Amino acid sequence: MQEAMINRAKELMADGTVSRVIGWKRGEFAYDITPAVFETAEEIDSDFVCDDFTAANVSKYLIKESRKEGRILAFLKPCDTYSFNQLIKEHRIIRENVYVIGIPGGPKLDAEKLKARGITGILGVRNEKGTLHIDTVYGEETMPMFEAILGKCENCKSTKHVVYDELMGEEGEVIADSGRFDRVAELENMTAQQRFEFWREQLSKCIRCNACRNVCPACSCENCVFDNPDSGISNKAAADSFEENNFHIIRAFHVAGRCTDCGECSRVCPQNIPLHLLNRKFIKDINELYGEYQAGEDTTSRAPLTNYNADEDCEPSIVHERGAE
Amino acid sequence: MDNNLKEQILRSSGVNVLKCMRCGKCSGTCPSYDEMEYHPHQFVYMVEKGDIQKLMESESIYKCLTCFACVERCPRNVEPAKVVEAVRLAAIRQQGNNHLTPVQIPGMLDEDLPQQAIVTAFRKYTK
Amino acid sequence: MQVNDNNFEPVIVAFCCNWCSYAGADLSGTNRLNYPTNVKIIRVPCSCRVNPMFILRAFQRGADGVIICGCHPGDCHYTSGNYYARRRITLLYSMLDFLGIERDRTRLEWVSAAEGAKFAATMESFTEQVKALGPNRRLEDLRCRKQ
Amino acid sequence: MQRIGVFVCHCGTNIAATVDVKAVAEALGHEPGVVISQDYQYMCSESGQNLVKDAIKEHNLSGIVICSCSPRMHENTFRKAAAAAGLNPYLVEIANIREQCSWIHRDIATATEKAIILGKAAVAKVHLNTPLTSMESPVVKRALVIGGGIAGIQTALDIAEAGFDVDIVEKEATIGGKMAQIDKTFPTLDCAACILTPKMVEASQNEKIHIYAFSEVEAVKGFVGNFTVKIKRKARYVDEVKCTGCGACIEKCPMKKVPNEFNMGLDNRHAVYIPFAQAVPKIATIDPNYCMMLKNGKCGLCSKVCAAGAIDYKQQDSFIEEKYGAIVVATGFNPIKLDKYDEFSYNTCPDVVTSLELERLMNAAGPNGGTLLRPSDKSHPHTIVFVQCVGSRCSDEKGKPYCSKICCMYTAKHAMLIRDKYPDTEVYVFYIDVRTPGKNFDEFYRRAVEQYNVHYIKGMVGKVTPKSDGKIDVQASDLLSNEQLHIDADMVVLAAAIEPDKTARPLATMLTTQMDTNDFFTEAHPKLRPVESATAGIFLSGACQGPKDIPETVAQGSAAAAKAIGLLCKNSITCNPCVAHSDELMCNGCSSCEKVRPYGAITYSDKEFRMPDRTIAVRRVASVNPAVCQGCGACTVACPSGAMDLSGFSNSQIMAEVDAICK
Amino acid sequence: MLMISLDRLDELFAAVAAKQTLYLPADREDGQAEYRRWEDGVKLSSRLNTVRSAKDFFFPQTEDLVEFKMEGKNIEVIDPRKESEDFVVFGVRACDARSFTILDKVYLVEPVDSYYKTRRDHGTVVTMACTRPEETCFCRTFGIDPTAPEGDCACWSDGESLFFRANTEKGEKFVDSISSLLDEGDTEKLEKINERTRDVLSKMPLANLSAENFGGDKLNEYFNSDKWGELSEACLGCGTCTFVCPTCQCYDIRDFDTGHGIKRFRCWDSCMYSDFTKMAHGNPRLTQLERFRQRFMHKLVYFPANNNGEFGCVGCGRCLSKCPISMNIVKVMKALEVK
């Protein structure tokens, strides 16, 4: 696939369809890829990579890139297309300036999961029929591939591309039984005390590095309320438990109805906080209370929080009426 | 004026006599009106004035049928029957003041008297 | 001061829309309908003006309960504000619940300008409800706690 | 540095009795930025206002806080006072320590504590207030009157007289209301129809007045000066334009057994009908509940006889939308239902009637052509008992807690009319109190007693029992002679309490106006603004605001008209400057706010911005039209970046209040 | 050398914790390690390093500096510091141990940061030699020997026993305090293990990374390099690298209005943030390129310029594994390097 992508990219650059390509650049190790814009065929040949570790969602970079001179080629995985579409809907990306090639998605891998098994000193990773062969300075190690799948790929919601100019590989479809709300439901069925303790343990790990926010395609504000000293809630550090809660509640609320569930927030969290559960809670509530809604699926529908149904919307008291204690 | 007695009546009846607007509907609807020396609206008014001794000495307290028509129809929810009841209780609770004693009963019985009435009478007229 | 069950007096913030609920609160005053002093009202133009930030802010600063009152659905002075508020607040309350914040600390009630009695009764019952929960500890900012 | 003045009002004893106003003034004086804090008997009085004005000048105040009654009451008063002293009116905040403190709490210590907190919240807010300037918004020069009774007619006539277009929406087939059903009026005993019908005709002929009869208000949008009202024109199945009111259809209609509402169901009408001879508009209406053609498609006689071809069985409800600058509510009253009063046998005995039914029984156009006959056997009644206060002054759930005000007088009128016309009839009136305040009212009542020998008995009737001989046993206690009476009456007339029309509550909802617990519309001020609702541009006329007799109703109708005219005379009104605004530097142009805006006040445009690296970037940003925006604030919450904020209720202001309260 | 058998670790920790608070790296349920206060049941992590560095103990993420209490219009100034207690940080790696030297150069020179100093004075650092370095390790680039860590007291494990050597007076006190548990042991096996570790390090991908072409005199070579644009292009501007870094020492001072007064606190800041060192006129570093450059120039040029050639990086590799887009100091050094 990587080969075909490189060839196609060079073709499109050569025929003038695009002047730049956004993709991923190989790093020092087997897994540390960096999103990058390529401007020449040489750069592409030497550095372009698309493998098991190219999980980063490049949609958000297109806010800026689509405003630059010339057209840019973007390789988008299915989940990335949802983010891209949502940004189109919010008038953040100039669609004409992007040539989208849909590429097959994951599952992508998480190097952290290798290390958590004690596999360190990694020199190379080969994926053979579902088994990872990891070459390390301490010798070769193997592990089943599915145990190394990135959290955000574990419950993939769709392998369908909702927007593209060109498609490479087979088109997938929406996965209805992704089970992506199972963990949310599990938490919902706990007692309030248990949920409180769960989230306290998770959120107390937060170092407020803002990686979740800065990587999030929905968090595309020019100036975030948490950085704006006039907003009244700006704060640089999670000085106490309230700040930790406040940041994550407000962040999740601000992207509610706009979050496409791309999972980048949890991927980048240095402390492995399952932040996607907060977003999925909102998505689950929205689906259950206001009807199925998938942000980014289209560019015209009204988002659930900027919409209402006068007769059928439930009252907030529904929170008291459902779920465990 | 016996304030303690008034307080006791008001407390035991739970009635706020000040709600009465003196329409007289209680007396207008009372089936025992003609039997009574003092009528339901007078009970309310006299209790308000503290003029209770006269009521306690009057036969009127035993003439009330406790049919609650006055309670049902009072537009202000004053509940005169409860006042009458409270005055009656105040009377019979005094030592030796049972209005009825068991020995009196056989002489008063007649065939048409329902059993329930006897029980009711005991409840109403004795402590 | 040691807070125990007997002397716990919750701080309750009520956001009331100017057109219905604030007027309803005024009406309960006009009708001399008593409700607990714990309730302090903040006037907002519409229930849709209530930003989740305000609710969290109240809890941060030591509120033990937050109630939002707006016009009945269909009665919004601005035609649709309370419908948006209804969705937003539902989702926010659900999220607070998800984080294990006691759900009885939050409420939304529709109170019209004519419902002075309902306003007073609502505040009475909400205060009781919050009192029963005790002080807000799960969403307070310790730095703001009264010494 | 802020220089804030705090003024604590005693409101006589309204506040001072439960709140230690001196302590409040003292406590607030210690708040940061407060340079003067004082209390006064009546802040809203001229001297109170002067106190504020002098303080503004003397202390060079940058903001003021008035701790007083609800801002809905006097916010404007103090804003004007501030403006007069050179302070921007929006630098005034009100702490509501009356309606939301002194009136609801009993304990002085806790009420004072709360008042201080409310004051602190207002001080915290005023710190962040900014001077605002009002915009102007145009006034639509047309008024809507809802209800076509005497109140609505009078209001419409007065507004039209002043030269403004006015529409009347009346839910019945004709205007006229309750007054059209009344026989004679007190205390002059002149014929109601004789004074009402000319007014109805006048209204129908006035080219400034448009009557939408058989219509209802469906939805109200907008605000003072600029309401948009959706009116439902219920299907009459008769073309209003074509119908000449000739009555041919009615004569031919075979369905004759329809209870006649106009005569209180005491006789029947046809399925197609004109309520009464002088109806305005005089247009037939087909009752779809009874018309055989509409029910099962068989008949069609009316259509055949109608020379004008006005019958239209396919007619549907239609809707029109009209813009108005002012709305006058004149929805009137109805007698309450007496179903729950078993003791008066109203449901079981046809000879027990309500006073309004008696009006029809005595009216020349009524079921008996003006001869008073018992409904049961059409015999002449020799003894008539009137029962006052049926359902009025009742604290139980069956009745109404208020005095219906008009019953004493109309009962005296009825008694007098009966005694005058049928001297052989004995008339008893059972009363609790006879209330006759009003010009020539007590004289009128005394005439009934002294001249017409009506028997007034103090005491409420306890029980009304129909007897097998056709007589009615009326049992009551004569409280003055202390005896129980039993009167063998031929008829009993019940003075039923009156209540607001059932349509009033949904209407209040649409208009966002206040109502009291009895569903009477609440006036903006019980003494000083008796014909205005608290919602700007909505005025109150007649019994929808409280029980009233005809002269009072007419007076209020004219007063409401005067208020509406005052509004319509203006070319524009100053609009609320507390509207949303967008910070372009922060806006992402995501369009979330645009989706929730109710008035279309938000638009987007591409703007050039100079970026930090000195390049120029074009970005889509939102802007708010302050004349259109009504300041609901929906957009401020939809906006994730916080670029949208609301003047007067800004994020920081509200959070400052929250902080102050939670401290 | 004094030593204790590894199966007696709990005994050792209990003895230390009985006298002062003991912190050590423990495994979290997600497989990563973090410093935790030792209590019964807490096990020493086998991971090479923690997510957050050990700098937290001396330079916490947030710290109250001063409080102002307001009573009406009166303001009272309060020092919120409590009496400090002695504590031990156990299991610090050589890289983190060196980071304290770097932080000391910032905070213990005049004017001395008394908040930092108090913590340093009360804390005893017990380091642990590395035996299983990871591919992200490049401490040797900065002259650190992971088999001979600094710190008040250093420890080595030979798989059976833990050996102790005090480096400072504080370290000696620490060893004394546990001497009753220690025995003299043979270090022969230890030497072999250290030998092997050094050998592994030389086979690592970053073994040959050198900092010799960087330093305080290299401002002109690197400041205007045309590589910065490309390097910073993908940077999200988050603070992950800064906050997991053991040597990043920038902070912001903020006031928090508690409603009753003000708490003036400092908190970590990141030069990657758009509002870093914001002044009245705005931010001196206008774009992400400049902010990105600041971080690496500081570590590789500015810091050595002011500190006798000492670099502001210890090669712990945290930023390599934690950066959301895997852009890091190694890539920067490799891309920039002018020989």
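Labels below follow one simple rule: chain letters A, B, ... track the order of the sequence lines, proteins then strands, and each chain is numbered from 1. Since the structure is predicted, the reported quantities are computational estimates derived from the model, not experimental observations.
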Enquirer: So how far is it from D:Asp107 CG to C:Thr37 OG1, rounded to the nearest 0.5 Å?
Expert: 8.0 Å
Enquirer: Find the one option among D:Lys663, D:Arg505, D:Lys114 whose heavy-atom pairs under 4.5 Å with chain C are most numerous.
Expert: D:Lys114
Enquirer: Between C:Cys48 and D:Val637, does a side-chain contact (heavy atoms from CB on, under 4.5 Å) hold up when you go through it step by step?
Expert: CA-CA 7 Å; C:Cys48 69; D:Val637 184; over 6 Å; no
Enquirer: Identify which part of D:Ala121 has an atom lying under 4.5 Å from any heavy atom of chain C, answering side chain, backbone, both or neither.
Expert: neither
Enquirer: What part of C:Val44 lies closer than 4.5 angstrom to a heavy atom of chain D: side chain, backbone, both or neither?
Expert: both
Enquirer: Using a 4.5 angstrom heavy-atom cutoff, name the option from D:Leu511, D:Val596, D:Thr110 with the most pairs to chain C.
Expert: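 Top option by heavy-atom pairs under 4.5 Å: D:Val596.
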Enquirer: Which residue out of C:Glu115, C:Gln60, C:Arg43 racks up the most heavy-atom pairs below 4.5 Å with chain D?
Expert: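 Most heavy-atom pairs within the cutoff with chain D belong to C:Arg43.
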Enquirer: What distance separates D:Thr517 OG1 from C:Lys118 NZ, expressed to the nearest 0.5 Å?
Expert: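 Separation between the atoms: 15.0 Å.
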Enquirer: Among D:Met73, D:Lys221, D:Glu75, which residue forms the greatest number of heavy-atom pairs with chain C at distances under 4.5 Å?
Expert: D:Glu75
Enquirer: Nearest 0.5 Å, what's the CG-CD1 distance between D:Leu118 and C:Ile41?
Expert: 8.0 Å
Enquirer: Which atoms of C:Leu27 come close to chain D, meaning under 4.5 Å heavy atom to heavy atom: side chain ones, backbone ones, both, or neither?
Expert: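 Looking at C:Leu27, just its side chain touches chain D.
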Enquirer: Does any backbone or side-chain atom of D:Ala508 lie under 4.5 Å from a heavy atom of chain C? Answer side chain, backbone, both or neither.
Expert: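 Contact with chain C is absent: no heavy atom of D:Ala508 under 4.5 Å.
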Enquirer: Non-hydrogen atoms of chain C under 4.5 Å away: do they reach the side chain of D:Lys125, the backbone, both or neither?
Expert: neither
Enquirer: With a 3.5 Å distance limit and no angle check, can you tell me whether D:His105 reaches the backbone of C:Tyr35 through a side-chain donor-acceptor pair?
Expert: yes
Enquirer: Could you check which of D:Arg98, D:Gln653, D:Met515 has the highest count of heavy-atom pairs closer than 4.5 Å to chain C?
Expert: D:Met515
Enquirer: Looking at C:Cys17, C:Pro52, C:Ala58, which one has more heavy-atom pairs under 4.5 Å with chain D than the rest?
Expert: C:Ala58
Enquirer: Salt bridge (charged side-chain N to carboxylate O under 4.0 Å, His left out), that's the test. Do C:Lys40 and D:Asp659 meet it? Break it down for me.
Expert: CA-CA 12 Å; C:Lys40 314 286 190 303; D:Asp659 290 1; over 6 Å; no
Enquirer: With side chain to side chain donor-acceptor pair (under 3.5 Å) as the test, would you mind laying out the steps for C:Arg57 and D:Asn651 before giving the verdict?
Expert: CA-CA 11 Å; C:Arg57 176 79 162 211; D:Asn651 288 336; over 6 Å; no
Enquirer: Looking at C:Tyr78 and D:Gly631, what are the two nearest heavy atoms and their distance?
Expert: OH-O, 3.7 Å
Enquirer: Would D:Glu99 and C:Thr30 satisfy side-chain contact (heavy atoms from CB on, under 4.5 Å), going step by step from the backbone distance to the final call?
Expert: CA-CA 6 Å; D:Glu99 281 84 347; C:Thr30 312; 4.1 Å; yes
Enquirer: In terms of heavy-atom pairs under 4.5 Å, which option from C:Cys71, C:Cys76, C:Ala25, C:Ala23 contacts chain D the most?
Expert: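 Highest number of pairs under 4.5 Å: C:Ala23.
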Enquirer: So which atom in C:Val11 and which in D:Cys662 form the shortest heavy-atom distance, rounded to 0.1 Å?
Expert: CG1-CA, 4.1 Å
Enquirer: Using heavy-atom distances under 4.5 Å, tell me whether C:Arg88 contacts chain D through its side chain, its backbone, both, or neither.
Expert: side chain
Enquirer: What distance do D:Ile104 atom CD1 and C:Asp26 atom CG have between them, rounded to the nearest 0.5 Å?
Expert: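 Those atoms lie 9.5 Å apart.
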Enquirer: Given a strict heavy-atom distance threshold of 4.5 Å, which part of D:Met510 is in contact with chain C: side chain, backbone, both, or neither?
Expert: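 Neither part; nothing is under 4.5 Å.
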Enquirer: Among C:Ile12, C:Val39, C:Ile42, which one satisfies side-chain contact (heavy atoms from CB on, under 4.5 Å) with D:Ile661?
Expert: C:Ile42
Enquirer: Contact part of C:Tyr22 toward chain D, heavy-atom cut-off under 4.5 Å: side chain, backbone, both or neither?
Expert: both
Enquirer: Under a 3.5 Å distance rule, please check whether D:Arg72 uses its side chain to pair with a backbone N or O of C:Asn18 as donor and acceptor.
Expert: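 Flag set: sc D:Arg72 to bb C:Asn18 pair under 3.5 Å.
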Enquirer: Can you tell me which portion of C:Val66 sits under 4.5 Å from chain D's heavy atoms? Options are side chain, backbone, both or neither.
Expert: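 Answer is neither: C:Val66 stays 4.5 Å or more from chain D.
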Enquirer: Which answer fits C:Tyr84, side chain, backbone, both or neither, if we ask what part of it has an atom under 4.5 Å from a heavy atom of chain D?
Expert: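 It is the side chain, since no backbone atom gets that close.
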Enquirer: Looking at D:Val658, is its backbone amide N or carbonyl O close enough to the side chain of C:Arg61 to form a donor-acceptor pair, meaning the two atoms are under 3.5 Å apart?
Expert: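 Checking the backbone N and O of D:Val658 against the side chain of C:Arg61, no donor-acceptor pair under 3.5 Å is found.
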Enquirer: side-chain contact (heavy atoms from CB on, under 4.5 Å) for D:Trp103 and C:Leu33? Distances and angles first, verdict last.
Expert: CA-CA 8 Å; D:Trp103 276 357; C:Leu33 301 170; over 6 Å; no
Enquirer: What distance separates D:Ser650 OG from C:Arg49 CZ, expressed to the nearest 0.5 Å?
Expert: 7.0 Å
Enquirer: To the nearest 0.5 Å, what is the distance between SG on C:Cys46 and CD on D:Gln630?
Expert: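 Rounded to the nearest 0.5 Å, the SG-CD separation comes to 12.0 Å.
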